[in-house]
Amino acid sequence: MLANLGRRIGRILFSGSCFLCRGEAAGILCTECDADLPRLKGALCPRCALASPRGALCGRCLTQAPQYDATVAALAYEFPADVLVQALKFRGELALAPYLGDLLSKCISGKTADCIVPVPLSAGRLRERGYNQALEIARGVADATGARLAPELCERSRETPAQAELPLAERAKNVRGAFHCPRLVAGAKVAVLDDVMTTGATLDEIAATLKRAGAARVENWVVARTLPPSPAY
Ligand SMILES: [Zn+2]
Ligand SMILES: [Zn+2]
């Protein structure tokens, strides 16, 4: 119901003009801006969604296997995908949530999960922002995939500094032991949903937490994937 409400609000707020170029649009974006979004394509590692020859498991996932089993990402976290994600996250543009959820759902078709767990915000950040953007995106994805929305399966056990404020190398340590699954999820196939995946440290820690609670499989479903900088030649 809330997702439908979001769609309706989206139509009211953006009726007629594209969120990015302000040109004429039937939905949130005009056809051209939608077509130009940096969709992830090519051969990707099935586990971390970074480029990998012939879509094989990449070297990093082979040598340091993450706790999650797979990653589905709709977009590269580049302009203008970053504009949409940040407008939802920091500027309260909630009408973008169903749109981003829809982009993600289209990449998930055919895959199944028993439940969707949005990455939780810390209590302090939730108070400040008033909503969790991952939960807002997850509403539409749950509707589209039939997976149960289950935010209650992952809680923050302590406050941590925002990952984005830390150097990449410190992010795994920052989130270690930061999450808690309050009940057993024996045998469950769980999708953990977030807006952006950068190092994957948060998602790795949540996957470890869910597996300790009995999850059989944990996938990351993310709107946008940060790509490593291109090697300089
Ligand atoms: Zn446009
Ligand atoms: Zn990989």
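Because only heavy atoms are used, hydrogens play no part in the values below, and waters and symmetry mates are left out as well, while side chains stay in. Both ligands and their constituent atoms are indexed starting at 1 by order of listing. Numbers here simply count residues along the sequence, with the first being 1.
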Is any NZ, NE, NH1 or NH2 atom of the basic residue among Lys106 and Asp102 found under 4.0 Å from an Asp or Glu carboxylate oxygen of the other? yes

Considering the Zn ion (ligand 1), could you give the total of protein N/O/S atoms lying closer than 2.8 Å? 4

Could you check Lys211 against Val218 for side-chain contact (heavy atoms from CB on, under 4.5 Å), going step by step and ending with a plain yes or no? CA-CA 8 Å; Lys211 287 200 168 168; Val218 179; 4.0 Å; yes

Salt bridge check, Lys189 against Asp69: does any charged N sit closer than 4.0 Å to a carboxylate O? no

At the Zn ion (ligand 2), SG of Cys48 and SG of Cys58 open up to roughly (10° bins) 110°

Determine, for Arg217 against Asp114, whether the closest basic-nitrogen to carboxylate-oxygen distance falls under 4.0 angstrom. no

Would you call Arg139-Glu136 a salt bridge at under 4.0 Å N-O? yes

For Arg129 and Phe90, indicate whether the former's side chain and the latter's backbone hold a donor-acceptor pair under 3.5 Å. no

